[in-house]
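Here the structure comes first, spelled out in structure tokens, and everything after it is commentary.
Counting convention: from 1, in listed order, for ligands and their atoms alike. Along the sequence shown, residues carry numbers from 1.
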Amino acid sequence: MASTPEALAQAQLEWDTPLYRMAVAQFDQAVSFADIPDGIAERLRFPERALMVSVPVRMDDGRRVVFPGYRVQHSSVLGPTKGGIRYDHDVTLGECAALAMWMTWKCSLLRLPYGGAKGGVRCDPRSLSSAELERLTRRYTSELLPVIGPQEDIPAPDMATNEQTMAWMMDTYSMQRGYAVPEIVTGKPISIGGSVFRHEATGVGVVMVVARACDRLGWRLEEQRCVVQGFGNVGGIAALELHEHGARVVAVSDVSGGLNAEGGLDVPALQAYAREHGSLEGNEAGSRLTNEELLELDCDILVLAAREDQITAENAPRLRARMIAEGANGPTSLEADAILNARGVPVLPDILTNAGGVTVSYFEWVQDLGRLFWTRDEIRAKLAEKLSDAFDRVWDLAEDRGTSLRTAALVAGIRDVSEALEARGIFP
Ligand code: GLU
């Protein structure tokens, strides 16, 4: 039985943020095509569980600062929950809830035996020293101990977290257990049970999906002019991979702004520069432009690999890209989606396009549980197989039902979770 609109509004109060509203609106749009029972849809509209914590940290100058932290688990129907931990000034309960819901559809679309989760700490990670980040991570992990576990909820990197963050989390958890538990997190350093190819997996996966879309559209990837917003673990690696496929990367951006060179940027040189200087600040390989200008450049493929809420009703009509690939989660608003759809610009949706990360996270977890390790080539081949299978299902469903690729991806993800939930039933 569906809730009354008033009950729904009440129940949503805690999650109510623009991003969660967007995740639910996308869900509702997809549900109208997915043909699932109302009661099941109603249950999936809300996360199963959320934990809010206060994380006290001793700063280098002796002050104590308390940071708000969260972990939201959206669905445990298909298995343990899975998803990243982000450190960012915008982290809230509602943002984590939206991102956790998208993780559920992403895992289900890729046929991984997981549900979605997301967590994070609201802070300005760039202003924290490495020692402060370590203390913050260890205390946050201790606060999460009641809800995480290799069979319960498995964290991974997300915005501003990386292999080192995961190593601190794994160590904190293992010290409580009294033995090494590598399978508690994914995206760890290889030396403690991380997987080869996990570091590159999200960025390379983005390009695998773009390549597949080009094939379907009859475009040659090596003839495309690409713009990449974001130059971190996703955008930096996607740009490199595009460059290696022979495509021309005409602009990239990071926190310091954008760089544009019509003749194409030397991406490996930019990578080396960013590694040495911490960002692209001060680089003169092309003309400088703002992030907003970069999004509106004339190009074939625009890769959004920075953060959510980048393409809105305001700038969507001015975009000149012929195709958009979402490396970040939630970069395109609902209104922007409708505008791009009406203009016939394909948007390769986040839950498919950036799923390389969680897919190789799954491979990492399986390797850890089995105490066995696969080669890079094996993992790359398994990833390509998983992504092509999901891509084909999404593309064909969109064609069959006349929906956008996003709606098709959501329908495919939602249907499998719904079927599992119907089979299991709602307890008690
Ligand atoms: N944070 C990544 C995502 O949003 C990876 C999650 C994971 O590997 O569990 O998909």
### Message
Working note: I301 + R322, criterion side chain to side chain contact (heavy atoms under 4.5 Å, CB included); need CA distance, chi angles, decisive distance, verdict.
### Response
CA-CA 6 Å; I301 300 170; R322 290 201 297 153; over 6 Å; no
### Task
Before giving the answer on side chain to side chain contact (heavy atoms under 4.5 Å, CB included), spell out for M101 and Y20 the whole-Å C-alpha distance, their side-chain angles and the decisive distance to 0.1 Å.
CA-CA 9 Å; M101 185 187 273; Y20 185 68; 4.1 Å; yes
### Task
Identify, by atom number and element, the atoms of ligand 1 in contact range of K82, meaning under 4.0 Å from any of its heavy atoms.
7 (C), 9 (O)
### Task
Assess P155 for proximity to ligand 1: is some non-hydrogen atom of it under 4.0 Å away?
no
### Contact check: N354 vs ligand 1, nitrogen or oxygen atoms, below 3.5 angstrom
no
### Summary
Taking only non-hydrogen atoms of M103 and a 4.0 Å limit, the atoms of ligand 1 in range are 3 (C), 4 (O), 6 (C), 10 (O)
#### Entry: Electrostatic pair E95:R86 at N-O distance under 4.0 angstrom
yes
### Query
According to the ring-ring contact (aromatic ring centres under 6.0 Å, His included) rule, which pairs have a member within residues 391-426, sequence neighbours left out?
F391-W395
### Task
Indicate yes or no: does an N/O atom of A156 lie under 3.5 Å from an N/O atom of ligand 1?
no
## Note on the structure
In ligand 1, the atoms that come under 4.0 Å of a heavy atom of G84 are 1 (N), 6 (C)
#### Entry: Passing option when K106 is tested against N329, D350, T359 for side chain to side chain donor-acceptor pair (under 3.5 Å)
N329
### Task
Just need the protein heavy atom nearest to atom 5 (C) of ligand 1, so name the residue and atom and give the distance.
R198 NH2, 3.7 Å
## Note on the structure
Taking only non-hydrogen atoms of S361 and a 4.0 Å limit, the atoms of ligand 1 in range are 7 (C), 8 (O), 9 (O)
### Query
Does the distance from a Lys or Arg side-chain N to an Asp or Glu carboxylate O, for R135 and D60, drop under 4.0 Å?
yes
#### Entry: Residue-ligand contact G83/ligand 1, heavy atom below 4.0 Å
yes
### Task
May I ask you to identify the nearest protein heavy atom to atom 3 (C) of ligand 1, giving residue, atom name and distance to one decimal place in Å?
K106 NZ, 3.4 Å
### Query
With sequence neighbours left out, which residue pairs that include part of residues 166-202 fulfil the ring-ring contact (aromatic ring centres under 6.0 Å, His included) condition?
none
### Query
With a 4.0 Å cut-off on heavy atoms, is R86 touching ligand 1?
no
## Note on the structure
atom 1 (N) of ligand 1 has as its nearest protein heavy atom D158 OD1, 2.7 Å
### Message
Among F46, W105, W102, exactly one meets ring pair (Phe, Tyr, Trp, His ring centres under 6.0 Å) together with H74. Which residue is that?
### Response
W105
